[in-house]
Each structure stands twice: as structure tokens, then as C-alpha cells.
Amino acid sequence: MNDSWPSHPDNERYPEDRRSPWWEDATGNAPLRSDDSAYREAGIPREPEVIRAEFAPRPPQPSRARWIVPLILFVLTCLSTFAAAQGFQRPLEGLKYSICIMAVLLSHEMGHFLQALRYGAPATLPFFLPMPFSPIGTFGAVIAMDTRRLDRRALFDIGITGPLAGLIPTLVFTIVGIQQSQVVPVVRGPAFMELGEPLLFTYLTQWIKGPLPEGYTLLVGPMAFAGWVGMLITALNLIPIGQLDGGHILYALLGKRANAFGLFLLLAAIAAVVIFGYWGWLLMIFLLGLLGPEHPPTANDEAPLGWGRVILGWLVLAFIIVGFTPEPFKL
């Protein structure tokens with residue numbers, strides 16, 4: 001085998017007088033790379049070029065807490081909603097209610113989450129909030145999101161998609177659930193709990209069952225109850241204060257003027273609790289006051305919405321009128 005390298009003594013293969021100091025490394029050794037002219041001048045064929053490869057660091061992996069904590073809360077909320085419908089005594093009814101209400105909450109939160117992905121807004125997975133030892137078993141769900149990078153239109157789309165997505169299964173479960181529920185005589189007793197009826201729920205009941213006779217009421221089944229809870233949670237989320245969905249929508253519609261309206265609404269809610277004795281709302285009013293009635297500005301408050309979004313926004317906010325009841329439970 002012929003060697004393609006000419007025979008040179010070791011001290012002449014790269015003659016010192018033919019080296020240029022600028023292409024030596026710090027130790028005086030011949031570098032791995034040099035220019036072609038220096039090799040040709042020394043009469044030595046160019047060595048194969050060696051390229052040093054530097055491996056880029058692995059991209060950061062998602063933290064386990066990113067999905068473990070939401071998963072644990074999801075399971076706990078499934079259990080708390082199952083127990084709220086007396087699932088340990090009547091498993092079928094408990095399972096039916098738990099599946100239906102979790103479908104409502106999941107649809108609502110995934111509406112927000114998918115829109116956040118669409119607009120590139122940093123957002124967490126949904127955090128479901130179990131509420132054991134309560135009639136409904138859950139306090140809803142939340143997503144932490146940074147809206148400061150969004151413009152007005154993106155804020156509107158993210159804020160309104162959640163309630164719209166949640167309303168679809170809510171209305172389906174309400175209609176089907178009322179059809180499955182029975183009209184029974186009113187029975188008063190220690191275990192009797194009467195539900196406050198939103199206007200929409202009352203209208204659907206009369207549409208499906210007809211006017212109820214005097215002294216009769218609708219004994220709601222687990223699916224209808226899940227629809228009722230879905231209406232209540234959607235209406236509460238649409239209250240136009242601060243970081244609630246309604247706060248996002250109203251800020252997109254009115255800009256900074258929405259902050260003054262949110263403060264007025266919070267003070268009016270406090271007055272209503274004191275005057276009418278709706279003490280069950282104290283916790284929510286406390287949380288709203290803790291979060292603050294103001295909405296932070298977006299990256300561009302002047303981005304146009306278009307008439308379609310403006311009309312849709314006011315229509316969705318009007319759902320509070322037909323979906324909210326100030327006294328949900330009448331013991």
C-alpha cells in the first residue's frame with residue numbers, strides 16, 4: 001500500500017521556518033485546520049479536515065409537576081363529585097353525575113387551553129378543584145395563563161372559548177337529564193334540598209315537561225343536576241370582574257373602562273350579600289377581592305375585534321341573566 005504522504009523527517013514535516021505563527025495553537029502544536037496556501041508552500045498535501053462537533057444541550061424536559069399535580073387534582077375531583085352524588089350508596093347515579101360534570105369542566109378548560117396554544121400564550125394544564133362535603137363536589141377548575149403577551153383579539157378568543165365549549169355539554173345534559181327526571185309531589189323534610197332555578201333551567205323544564213301542577217316539583221336526576229351545576233359554574237365564570245372569563249371578555253370589549261365596572265360590580269355584590277343575607281357567597285367575594293377587580297393590560301389594547309366578536313361577546317355575557325341564581329340551594 002502506498003502512503004500518499006511524502007517521507008519527511010518528523011522535524012521537517014512541518015518545517016518551523018515555513019509555519020506562520022498565526023495558525024499555531026497556544027501550545028505551538030500544529031492545529032487541526034489551516035489554509036491551503038500554507039500547506040502548498042510547505043510542499044505537503046493537505047490533511048483531511050477535522051471538524052469538532054459540539055452537541056447542543058438537550059431541551060428542558062417538562063417538569064413532572066406540570067402533569068402530576070393536575071392529574072392528582074383531576075382524580076380527587078372525580079372522587080369528590082362521585083361522593084357528592086352519594087355514589088358510595090348509589091354507584092350508578094354517582095358515576096353518571098361525576099362523568100357529566102367532569103365533561104363540562106374539561107370541555108370548558110380545554111377550550112381555554114387549546115386557544116392558548118393557538119396564540120402561543122404560556123398556559124398550564126387545567127387544575128381541577130375538588131370540594132368534598134359539598135352538594136356539587138367541585139369548585140370548578142382553573143388554568144394559569146400569562147395574558148400580557150396577547151393582544152386584545154387573542155384575549156377575547158381565549159376568554160370566550162371556554163364558556164362556549166362548556167355550554168355545549170351543559171345544555172345537552174340539561175335537556176336529556178330533564179327528560180329522564182320525574183315530576184313528583186313536593187315533600188318537605190330534613191333531607192329535602194330545593195334547588196334555585198336559573199331562568200334557562202326553568203324554561204327548559206316547562207318546555208320539556210310542561211307547566212308543573214300545583215304542589216309538584218321536578219326531582220332532578222344526576223344528569224340534570226350536572227347540567228344545573230354547569231349552568232351555575234358557567235354563569236359565575238362570566239361575571240365580568242378581574243381575571244374571570246367575563247373579566248377577559250369585558251376588558252377586550254371596553255379596554256381599561258372595564259376595570260371601573262368590575263370594581264362597581266364587586267362592591268354591589270358585597271352590598272347584596274349584606275342586604276339580602278346571601279352569606280354563602282362570602283368565600284367567592286373574598287377570593288375575587290383577593291385577586292383584585294382590575295384586569296392587566298394586553299400587549300395591544302387597540303387590536304380590532306370586528307363586529308362579529310363584539311356582538312358575540314355581549315351575548316355571552318348576557319348568559320349571566322339566564323344562567324345565574326343568587327340562592328342555589330334552599331334548605
For residues [X] and [Y], determine if any side-chain heavy atom of one lies less than 4.5 Å from a side-chain heavy atom of the other.
X	Y	answer
I233	T170	no
I101	I136	no
F139	T77	no
T217	V184	yes
L266	I285	yes
F329	P135	yes
W314	L250	yes
D157	R118	yes

Inset, instruction - Please assess F88 against F82 for the test ring pair (Phe, Tyr, Trp, His ring centres under 6.0 Å), listing each intermediate value before the final yes or no. - result: CA-CA 8 Å; F88 295 106; F82 178 78; 5.3 Å; yes
Could you grab the distance from atom [atom1] of [X] to atom [atom2] of [Y], nearest 0.5 Å is fine?
X	Y	atom1	atom2	result
R90	K96	CZ	NZ	12.0 Å
I208	I178	CD1	CD1	4.5 Å
L283	L287	CG	CG	4.5 Å
D245	L164	CG	CG	10.0 Å
I241	L263	CD1	CG	9.0 Å
I239	L317	CD1	CG	11.0 Å

Legend entry - Polar contact flag, side-chain donor to acceptor under 3.5 angstrom, Y251-D301: yes
Legend entry - T234 and N237 side chains, donor-acceptor separation under 3.5 Å: no
Hey, any chance [X] and [Y] share a hydrophobic cluster, counting ILVMFWY side chains that come within less than 4.5 Å of each other, even indirectly?
X	Y	answer
I168	V322	no
M110	I99	no
F201	L219	no
L265	L291	no
I320	L254	yes

So, does [X] use its side chain to make a donor-acceptor pair with the main chain of [Y] at under 3.5 Å?
X	Y	result
S107	G166	no
R153	P304	yes
W228	G196	yes
H248	Q243	yes
S181	G221	yes

Inset, instruction - Check the pair W279 / V273 against side chain to side chain contact (heavy atoms under 4.5 Å, CB included), numbers first and verdict last. - result: CA-CA 6 Å; W279 305 110; V273 167; 3.7 Å; yes
Legend entry - Partner of H112 under side-chain hydrogen bond (donor to acceptor under 3.5 Å, both in side chains), chosen from H108, Q115, E109: H108
Quick check: closest heavy atoms across [X] and [Y], and the distance to 0.1 Å?
X	Y	result
T161	G111	CG2-O, 3.5 Å
C100	A226	CB-CB, 3.5 Å
Y97	T81	CD2-O, 3.3 Å
P185	Y216	N-CD2, 3.5 Å
V316	L238	O-CD1, 3.3 Å
A252	L155	N-CD2, 4.5 Å

Taking atom [atom1] of [X] as the centre, report whether more than 12 heavy atoms of other residues, nucleotides or ligands fall under 6.0 Å from it.
X	atom1	value
Q89	CD	yes
Q182	CD	no
W207	CH2	no
I321	CD1	no

Inset, instruction - For side chain to side chain contact (heavy atoms under 4.5 Å, CB included), just list the numbers for M102 and F128, CA-CA rounded to whole Å, side-chain angles, deciding distance to a tenth of an Å, and then say yes or no. - result: CA-CA 9 Å; M102 293 302 293; F128 293 86; 3.8 Å; yes
Inset, instruction - Would you sort out whether L253 and F156 count as a side chain to side chain contact (heavy atoms under 4.5 Å, CB included), showing the intermediate values? - result: CA-CA 8 Å; L253 292 172; F156 178 89; 4.3 Å; yes
Inset, instruction - If the plane angle is over 60° it's perpendicular, under 30° parallel, otherwise tilted; pick one for F324 and W281. - result: tilted
Legend entry - Check against side chain to side chain contact (heavy atoms under 4.5 Å, CB included), T325 and E197: CA-CA 6 Å; T325 175; E197 291 188 31; over 6 Å; no
